[in-house]
Amino acid sequence: MMQIRKQPRILIFGAGVIGSTYAVKFIEAGLDVTLLARSNRLKTLKEKGLQYTDKGTVKSLNINVIDKLEEDDIYDFIFVPVRYDHAESALHAIKKNKSQTIVTMTNTSAGYSEWLNIVGDRLLPGFPSAGGQIVDGVLHSQFGPRIIQATMFGEINGQVTERVQALARLFRTARIPYTISKDMTGFQITHAVLQLALIRSLYVDHVRMDYLTAQSKETAHLITTSLKTYLRAAEKAGVNVSPSMFKVALKIPNGMMDFIFVKLLGTKLVKDVIFTDYADNAYSEIALLYTDFIDYLGQKGVNIDKK
């Protein structure tokens, strides 16, 4: 007799851009989804449903919404799609809940030791591939091209466990491109390094430069030198730089890297992701990522000049 799998219960702990984007895909796939939201976002979701744009048309989905997670409200997967500077507080809010798999969908520049101290081996690190913004309660977002970044997840020890396979089935059901990583630590620190080099170079005294000013050779060169400095430091700290294209970047002449970044800064993708109010609001995340990266390096006996 064919074995029928029970439909997994999913909680998305946070109704921001990332959480809402995954919620839309999961609901459209017929999955059992609950969204935890607070304040005005909670009110909007209860009154109007989960509103989002699809090819220029505003649509709405009914969704289960809660504002508090009870200890005995058990889910197969709890996704935590929050900014890095909110991750620890979110995990503390989940700590007493009995659910066994907590998927963090956020940055880290220092590994997972602090998160493990909070939720233990229930932690399953992941990283999202979506971005956008919420305007007047309506979600405007999209998943990035698979060739650039699919949703990434994997056990810290690199093993492909039963829960990793179950999560992969979930994403296949929702038709969300994914990659199972065998080195989430290397991937996430490498990705954080790229963000630090790119975004920190666009701010002067905590104020972001305008879009046209950013497309200068001087800015591109600052990104190049910062990226190479951070990548070399990460390697010295024992981080496996991943994907391998970033190892190649260390060998590319600075002038060529500068040219690549000038072109990158002029793309619509960068404009839509970095030069938005959402990016400005996330500056505190970048600041904490940098501080924690420097501390992580110091613990490994690696020091770089702070800028």
Side-chain angles (χ1 to χ4, degrees), residues 5-69 73 75-83 86 90 103-106 126-153 166-179 267-282 285:
R5 289 193 178 98
K6 171 180 73 74
Q7 187 184 59
R9 291 191 76 214
I10 301 165
L11 173 67
I12 300 179
F13 194 94
V17 171
I18 304 300
S20 297
T21 301
Y22 280 86
V24 168
K25 295 293 286 185
F26 290 151
I27 294 170
E28 288 181 334
L31 297 172
D32 181 355
V33 181
T34 298
L35 193 58
L36 185 141
R38 296 195 174 102
S39 303
N40 291 336
R41 185 66 174 150
L42 174 68
K43 182 174 182 290
T44 298
L45 289 166
K46 284 187 172 181
E47 292 178 353
K48 299 181 179 180
L50 178 48
Q51 295 180 297
Y52 67 103
T53 57
D54 181 14
K55 298 178 181 178
T57 301
V58 176
K59 297 183 178 181
S60 179
L61 293 170
N62 292 326
I63 186 167
N64 299 322
V65 188
I66 61 175
D67 62 355
K68 181 181 179 182
L69 178 61
D73 188 10
Y75 296 86
D76 295 280
F77 296 100
I78 297 181
F79 290 89
V80 187
V82 299
R83 288 187 347 215
H86 295 165
V103 185
T104 47
M105 301 286 279
T106 187
F127 191 79
S129 59
Q133 55 187 330
I134 296 173
V135 181
D136 296 328
V138 179
L139 174 68
H140 302 260
S141 68
Q142 61 183 349
F143 284 89
R146 184 187 185 103
I147 192 172
I148 296 178
Q149 176 64 59
T151 298
M152 186 85 69
F153 59 91
L167 186 54
R169 288 193 296 270
L170 190 72
F171 285 123
R172 286 198 299 272
T173 299
R175 297 184 178 180
I176 298 173
Y178 68 89
T179 300
T267 63
K268 184 178 184 300
L269 177 64
V270 168
K271 182 178 181 181
D272 291 346
V273 172
I274 295 178
F275 291 88
T276 62
D277 292 340
Y278 172 79
D280 279 345
N281 293 335
E285 176 185 31

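Remark: side-chain polar atoms of Arg41 are paired, donor with acceptor, to backbone N or O of Ala15 under 3.5 angstrom. Judged purely by atom type and a 3.5 angstrom limit, Ser60 uses its side chain to pair as donor or acceptor with the backbone of Lys48. Side-chain N or O atoms of Thr34 include none that pairs as donor or acceptor with a backbone N or O of Val65 at under 3.5 Å. Looking at Asp67, its side chain never comes within 3.5 Å of a backbone N or O of Arg38 through a donor-acceptor pair. Put simply, the side chain of Gln7 gets close to the backbone of Gly30: a donor and an acceptor are under 3.5 Å apart.
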Show, in sequence, the C-alpha distance, side-chain angles and deciding distance for Thr53 and Val138, and conclude whether the side-chain contact (heavy atoms from CB on, under 4.5 Å) test is met.
CA-CA 7 Å; Thr53 57; Val138 179; 3.8 Å; yes

side-chain contact (heavy atoms from CB on, under 4.5 Å) assessment of Ile10 paired with Ile12
CA-CA 7 Å; Ile10 301 165; Ile12 300 179; 4.2 Å; yes

Stepwise side-chain contact (heavy atoms from CB on, under 4.5 Å) test for Val103 and Met105:
CA-CA 6 Å; Val103 185; Met105 301 286 279; 3.9 Å; yes

With side-chain contact (heavy atoms from CB on, under 4.5 Å) as the criterion, how do Thr21 and Ile18 come out once you've worked through the C-alpha distance, each side chain's angles and the decisive distance to 0.1 Å?
CA-CA 5 Å; Thr21 301; Ile18 304 300; 5.7 Å; no

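The two residues Ser141 and Val17 make their nearest non-hydrogen contact at CB-CG1, 4.2 Å. Of all the heavy atoms in Glu28 and Leu61, the pair that sits closest is CG-CD1, 4.2 Å. Minimum heavy-atom separation, Pro128 to Thr106: CD-N, 4.1 Å. Of all heavy-atom pairs between Thr173 and Leu31, the closest is CG2-CD2, 4.1 Å. The heavy-atom pair separating Asp76 from Arg9 by the smallest distance is OD2-N, 2.7 Å. Considering all non-hydrogen atoms of both residues, Ala37 and Leu45 come closest at CB-CD1, 3.7 Å.
Atoms CZ and CG, on Phe77 and Leu170 in that order, are 6.0 Å from each other to the nearest 0.5 Å. From Ile27, atom CD1 reaches atom CG of Asn64 across 8.0 Å, with rounding to the nearest 0.5 Å. From Thr179, atom OG1 reaches atom CZ of Phe127 across 12.5 Å, with rounding to the nearest 0.5 Å. Distance check: Leu35 CG to Ser20 OG gives 5.5 Å after rounding to the nearest 0.5 Å. Here the CD1-NZ distance, from Ile66 to Lys46, works out to 10.0 Å after rounding to the nearest 0.5 Å.
With sequence neighbours excluded, the residues forming a salt bridge (charged side-chain N to carboxylate O under 4.0 Å, His left out) with Lys43 are Glu47, listed by chain and number. Partners of Lys59 by side chain to side chain donor-acceptor pair (under 3.5 Å), not counting sequence neighbours, listed by chain and number: Asp54.
The six-membered or imidazole ring of Tyr22 lies near that of Phe143, with a centre-to-centre distance under 6.0 Å.
The aromatic rings of Phe79 and Phe171 lie perpendicular to each other, with more than 60° between the two planes, well past the 30° mark.
Between Val135 and His140 there is a side-chain heavy-atom pair separated by less than 4.5 Å. Side-chain contact check for Leu36 versus Leu11: some heavy-atom pair is nearer than 4.5 Å.
Judged purely by distance below 3.5 Å, without hydrogens or angles, the side chains of Tyr178 and Ser129 never pair a donor atom with an acceptor atom.
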